[in-house]
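In this chain, residues are counted from 1 in sequence order. Source: prediction; values computed, not measured.
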Amino acid sequence: MPELPEVETIRRRLAPLVEGRTLRAMEIADPRWCEPLDPNALTDALVGRRVERLDRRGKYLIWETQDEVFLLMHLRMTGTVLYDPERATRYVRVRLTLDDGHRLSFADPRRFGTGELALGRPALDAFFQARLGLEPLGPHFTSDHLFTLTRNRRAPIKAFLLDQRRIAGVGNIYANEALFRARIHPLRATGQLKRSQVAALRDAVVGALSAGLDAGGASIDDFRHPDGVKGAFQNEFLVHGRDGEPCLVCGGTVVKFVAAGRGTYACERCQAKPRRRP
Ligand SMILES: [Zn+2]
């Protein structure tokens, strides 16, 4: 499912194609996409406006159009934005036409993706303030800042990493990969990590996300670039999806278990299990 590197990959490839273009038409084939907003209200607010900038925050793709009208797209499980899609593309929930005649489709087989509007920058800021924490590839994601955030947190570190209100954009794949890179077991209590471990984790999160970006994201299911091409990061996973296979560092066996309700992969030789309290 698309996490920060996948959404950012879409943004980087789409931005030069849509910025400066005017939205000529918009068809919402599945009204559930923008619930509780009326599809007509959403299209009325956007059609005829120029796209000033395509931006991203966490896993949200932000279409900034004229006069600070923002469309916030969340791709959730299986959403993809395709540029000039093939006619046979299935599961299309939203279609956009640009003033240069090019077309965009939001395809989403599982139909969990959402579209929301924010009118004015204060509304946009309030929207994200309520939902998202630090941007991990931004300047404020320092080890000191992360250390402060982790204090007095009793949840396992895996759950902490997945909480979008702490760090925005990290999902299951990148959490698994980052914890392995930092040699931290996913079930370790967040607040008990030492300063040096938090510093290693900060670097590991940035490292895993950057590696994902460099590979054009991971395509383990439906994720595609706007031109339909798959990402390649799935070929570089260190632990994710590799249960039963040898650890690339120590040769031990990668194991799978459930943490924070998600399939979690780790090498318990490299990532020492937390000790049980007596
Ligand atoms: Zn290992």
Side-chain angles (χ1 to χ4, degrees), residues 1-19 21 23-35 39 42-43 46 51 53-65 70-98 100-117 132 137 164 168-174 177 209 211-237 240-241 262:
M1 87 192 45
E3 303 180 27
L4 187 155
E6 286 74 34
V7 180
E8 179 64 15
T9 296
I10 291 176
R11 189 200 69 77
R12 288 183 183 180
R13 293 181 191 223
L14 220 46
L17 303 169
V18 302
E19 285 178 352
R21 304 261 54 105
L23 300 173
R24 196 170 71 192
M26 181 173 194
E27 180 206 339
I28 299 173
D30 178 2
R32 216 180 77 181
W33 176 68
C34 57
E35 253 174 17
L42 192 136
T43 55
L46 289 167
V51 180
R53 212 153 76 93
L54 193 63
D55 208 346
R56 180 195 56 76
R57 180 84 169 84
K59 303 180 198 172
Y60 284 88
L61 193 61
I62 308 168
W63 299 69
E64 178 180 352
T65 71
F70 300 92
L71 168 64
L72 314 175
M73 287 180 85
H74 200 300
L75 310 179
R76 299 286 168 198
M77 306 277 289
T78 57
T80 318
V81 184
L82 296 167
Y83 185 79
D84 284 339
E86 291 172 29
R87 279 188 188 283
T89 302
R90 298 167 69 197
Y91 309 110
V92 173
R93 302 178 70 198
V94 182
R95 292 182 181 84
L96 283 164
T97 308
L98 305 174
D100 58 5
H102 288 284
R103 293 170 303 113
L104 294 156
S105 284
F106 175 60
D108 184 15
R110 305 254 329 245
R111 299 173 66 211
F112 288 116
T114 54
E116 291 168 87
L117 271 187
L132 299 182
L137 297 183
Q164 300 299 299
V170 176
N172 197 38
I173 291 174
Y174 293 92
E177 293 290 300
L209 293 173
L213 257 180
D214 289 346
S219 292
I220 45 174
D221 36 42
D222 301 271
F223 172 71
R224 298 289 182 277
H225 298 176
D227 59 2
V229 169
K230 289 186 181 187
F233 192 53
Q234 66 280 6
N235 304 321
E236 298 174 30
F237 289 163
H240 187 87
R262 308 294 303 276

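- Here the rule is side-chain contact (heavy atoms from CB on, under 4.5 Å) with Phe112, and of Arg76, His74, Met1 only Arg76 fits it.
- Between Arg103 atom CZ and Leu98 atom CG the span is 10.5 Å, to the nearest 0.5 Å.
- One side chain, Tyr174 or Glu6, offers a donor N or O that lies under 3.5 Å from an acceptor on the other.
- Residues satisfying the side chain to side chain donor-acceptor pair (under 3.5 Å) criterion with Asp227, sequence neighbours excluded, are absent altogether.
- When all heavy atoms are compared, the tightest approach of Pro2 to Gly79 is CG-O, 3.8 Å.
- Listed by chain and residue number, Asp55 satisfy the side chain to side chain donor-acceptor pair (under 3.5 Å) test with Arg53 (two or more places apart in sequence, or in another chain).
- Of all heavy-atom pairs between Arg57 and Leu132, the closest is CG-CD1, 3.5 Å.
- Under the side-chain contact (heavy atoms from CB on, under 4.5 Å) criterion, Met73 pairs with Trp33, Leu61, Trp63, Leu71, Val81, Phe106, not counting sequence neighbours.
- In this structure a side-chain-to-backbone donor-acceptor pair under 3.5 Å is present from Arg93 to Gly113.
- Taking 4.5 Å as the limit, every side-chain heavy atom of Asp108 sits out of range of all side-chain heavy atoms of Leu75.
- Here the shortest heavy-atom pairing between Gln164 and Val170 reads NE2-O, 2.9 Å.
- Qualifying side chain to side chain donor-acceptor pair (under 3.5 Å) partners for Glu64, counting only residues two or more places apart in sequence or in other chains: Arg121.
- Ile173 and Glu3 make their closest contact through N-OE2, 2.9 Å (heavy atoms, listed as atom of the first residue, atom of the second, distance).
- Remark: Pro31 engages Pro39 in a side-chain contact (heavy atoms from CB on, under 4.5 Å) (not counting sequence neighbours).
- Residues satisfying the side-chain contact (heavy atoms from CB on, under 4.5 Å) test with Ala15, not counting sequence neighbours, are Arg11, Glu19, Leu54.
- For Thr80, the side-chain contact (heavy atoms from CB on, under 4.5 Å) partners two or more places apart in sequence, or in a different chain, are Leu82, Arg224.
- To the nearest 0.5 Å, atom CD of residue Glu177 and atom CG of residue Leu209 are 11.0 Å apart.
- Note: Ile28 CD1 to Met26 CE = 4.5 Å, rounded to the nearest 0.5 Å.
- You'll find the side chain of Leu213 reaches within 4.5 Å of the side chain of Leu137, heavy atoms only.
- The two residues Gly101 and Arg24 come nearest to each other via the heavy atoms CA-NH2, 4.4 Å.
- You'll find the side chain of Val92 stays beyond 4.5 Å of the side chain of Pro85, heavy atoms only.
- Scored by the salt bridge (charged side-chain N to carboxylate O under 4.0 Å, His left out) test, Glu27 finds Arg95 as partners (sequence neighbours excluded).
- Crowding of Arg110 atom CZ: a count of heavy atoms from other residues, nucleotides or ligands under 6.0 Å not exceeding 12.
- Counting only heavy atoms from C-beta outward, the side chains of Tyr91 and Asp222 never approach each other to under 4.5 Å.
- Here the side chains of Leu46 and Leu117 are in contact, with some heavy-atom distance below 4.5 Å.
- For Asp100, the salt bridge (charged side-chain N to carboxylate O under 4.0 Å, His left out) criterion is met by Arg21, not counting sequence neighbours.
- In this structure, the side chain to side chain donor-acceptor pair (under 3.5 Å) partners of Arg56, at least two apart in sequence or on a different chain, are Glu8, Glu135.
- With sequence neighbours excluded, the residues that form a salt bridge (charged side-chain N to carboxylate O under 4.0 Å, His left out) with Arg111 are Asp30.
- The closest side-chain heavy-atom distance from Ile10 to Phe223 is below 4.5 Å.
- Note that the CG atom of Leu4 and the OG1 atom of Thr9 stand 9.0 Å from one another [nearest 0.5 Å].
- Although no hydrogens or angles enter the test, the distance criterion places no donor-acceptor pair under 3.5 Å between the side chain of His225 and the main chain of Arg13.
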Ignoring hydrogens and angles, write down the donor-acceptor pairs under 3.5 Å from the side chains of residues 229-236, residues two or more places apart or on other chains.
unit_1: Gln234; atom_1: OE1; unit_2: Ser219; atom_2: N; d: 2.8
unit_1: Gln234; atom_1: NE2; unit_2: Gly231; atom_2: O; d: 2.8
unit_1: Asn235; atom_1: ND2; unit_2: Ala232; atom_2: O; d: 3.4

